[in-house]
Chemist: 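Below is the structure I would like to discuss, written out as structure tokens.
A note on names: the letters A, B, ... follow the listed sequences, proteins ahead of strands, and every chain is numbered from 1.
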Amino acid sequence: MDDARIVVGMSGGVDSAVAAFLLKEKYSDIVGVFMNNWKETDNGICTTEQDYDDVRSVCAMLDIPYYTVDFSGEYMDRVFSHFLYEYKNGRTPNPDILCNREIKFKSFLKFAEKLGAKKIATGHYARIDESGGKFRLLKARDKSKDQSYFLCELGQDALSRTVFPLGETEKTEVRDIAASQGFVNATKKDSTGICFIGERNFRSFLSQYLPAQNGDIYSTGGELVGRHSGLMYYTLGQRKGLGIGGKGSGEPWFVVRKDLEANRLIVQQGKDSTLLYSSALVTESFNWISGEAPEKVDFECTAKFRYRQPDQQVRVRRNGDRLEIEFLQKQRAVTPGQYAVLYDGEICLGGGVIKEVML
RNA sequence: UGGGGUGUAGCCAAGCGGUAAGGCACGGGACUUUGACUCCCGCAUUCGUAGGUUCAAAUCCUGCCACCCCAG
């Protein structure tokens with residue numbers, strides 16, 4: 001039994017509740033902390049009250065103290081402002097990876113220190129192992145829930161002070177444990193949508209922060225095929241929301257390019273739109289979880305370009321901080337602003353923002 | 001106002017006397033801690049309109065309306 005204090009981040013969902021429960025096997029001094037990182041500015045449905053109630057209920061059953069902490073200022077400055085900046089520039093950001101780096105594994109970690117804790121824990125599905133003072137991030141045992149992709153920006157400092165109690169646990173077991181413990185959130189639906197902001201109408205949400213500018217939609221053949229309501233509402237490979245019907249072959253249309261200069265959306269018809277398939281990408285800065293780039297400048301490994309994508313074989317060429325990642329199989333809709341995350345089998349090597357994509 | 005053609009859901013489009021295919025779009029749901037993709041479900045009691053024939057019409061007949069084309 002470890003009597004050093006550990007702080008567990010609790011969202012109100014089943015995962016973090018069960019994570020806290022599992023910690024009781026090894027830790028005697030556990031503190032639950034609920035993070036409130038988003039201030040409602042509209043009169044949307046506020047689920048944070050309910051979530052906090054659930055945290056209270058679970059902590060009471062576990063007989064552990066709990067606190068709530070507000071990082072909404074940090075979230076706005078270090079995550080959301082960047083999120084908006086990226087959209088404004090035509091890219092498609094991944095705020096949750098940044099949120100992990102900046103909030104959960106930075107601000108929250110510091111907060112835990114102030115509470116006298118040596119370590120923090122979260123309900124992420126991923127594993128950490130250590131050997132000779134080196135920490136590695138590994139995929140979760142439950143491959144269908146593995147969230148290592150979202151943790152690709154972490155480093156040695158964060159990993160050395162983090163515990164992921166659910167790393168070896170299947171999601172179904174998590175539900176079973178929650179049920180057997182009688183947790184109020186045992187059957188609560190998993191939350192999705194941007195972390196802390198939640199699920200909401202993407203268009204109306206974004207429009208509150210960025211001005212939308214209508215424009216034309218052109219086919220790759222140069223034909224005017226429709227109107228768009230603002231480039232920021234679309235991402236590469238997107239089908240929904242184009243409103244183009246009855247034209248051409250009858251197949252659906254997909255976004256293949258955003259022309260910011262002309263405020264035009266370029267679309268192509270058919271699933272096998274060749275312009276959607278790329279063969280390589282470039283990241284300009286890359287976070288190596290080990291803390292240092294591998295010695296080899298040219299090597300093969302696997303990669304993911306989006307969450308829950310099967311591993312893809314790639315060849316990496318390293319040029320300082322710049323990485324060129326070549327795909328052995330062409331990839332559909334690899335999008336600037338998203339992350340390329342490298343893996344060596346179970347090991348998550350790290351990730352970087354996709355800067356440009358080559359056909 | 002001579003000739004020909006076409007009018008089926010938001011768009012494209014089957015149907016040619018037996019009681020409205022399909023696709024796209026759209027809406028809802030599933031999946032999902034980004035954005036997407038994908039999957040599932042829904043989506044014309046009605047076929048430009050008014051009559052007529054028929055047991056039965058979107059399908060046949062007639063008038064009208066609209067649009068298109070060729071002539072003028």
Chemist: Scan A/S249 against the nucleic acid and name what it touches under 4.0 Å (heavy atoms): base, sugar-phosphate only, or nothing.
Modeler: nothing

Chemist: Identify all pairs in which a protein N or O lies below 3.5 Å from an N or O of nucleotides 38-40 of chain B, and state each distance.
Modeler:
none

Chemist: Applying side chain to side chain contact (heavy atoms under 4.5 Å, CB included), can you list everything that pairs with A/K143, at least two apart in sequence or on another chain?
Modeler: A/R127, A/K139, A/E346

Chemist: In residues 135-168 of chain A, which ones come under 4.0 Å of RNA chain B, going by heavy atoms?
Modeler: A/K145, A/Q147, A/F150

Chemist: Using a heavy-atom cut-off of 4.0 Å across all strands, would you classify A/G241 as base, sugar-phosphate, or nothing?
Modeler: sugar-phosphate

Chemist: Under the salt bridge (charged side-chain N to carboxylate O under 4.0 Å, His left out) test, which residues partner A/K171, sequence neighbours left out?
Modeler: A/D15, A/D190

Chemist: Dot-bracket for RNA chain B, please. Rules: Watson-Crick or G-U, both distances under 3.5 Å, ( ) within the strand, [ ] when a pair crosses earlier ones, | for another strand, . otherwise.
Modeler: .(((((((.[[[..)..(...]]].(((((.......))))).....[[[[[..)....]]]]]))))))..

Chemist: Measure CD1/A/I217 against C1'/B/C24 and give the value in whole Å, please.
Modeler: 14 Å

Chemist: So with a 6.0 Å cut-off around CZ of A/R227, is the heavy-atom count from everything else above 12?
Modeler: yes

Chemist: Hey, are A/S290 and A/E292 close enough side-chain-wise for a donor-acceptor pair under 3.5 Å?
Modeler: no

Chemist: Counting only heavy atoms from other residues, nucleotides and ligands, does the tally under 6.0 Å from NZ of A/K330 exceed 12?
Modeler: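 It does: A/K330 NZ has more than 12 such atoms within range.
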
Chemist: Would you mind building the protein contact string for nucleotides 8-14 of chain B? One character per nucleotide, 5' to 3', B for base within reach (heavy atoms under 4.0 Å), S for sugar-phosphate only, - for untouched.
Modeler: --BBS--

Chemist: Taking OP1 and OP2 of B/A36, is either one under 4.0 Å from a side-chain nitrogen or oxygen of A/K258?
Modeler: no

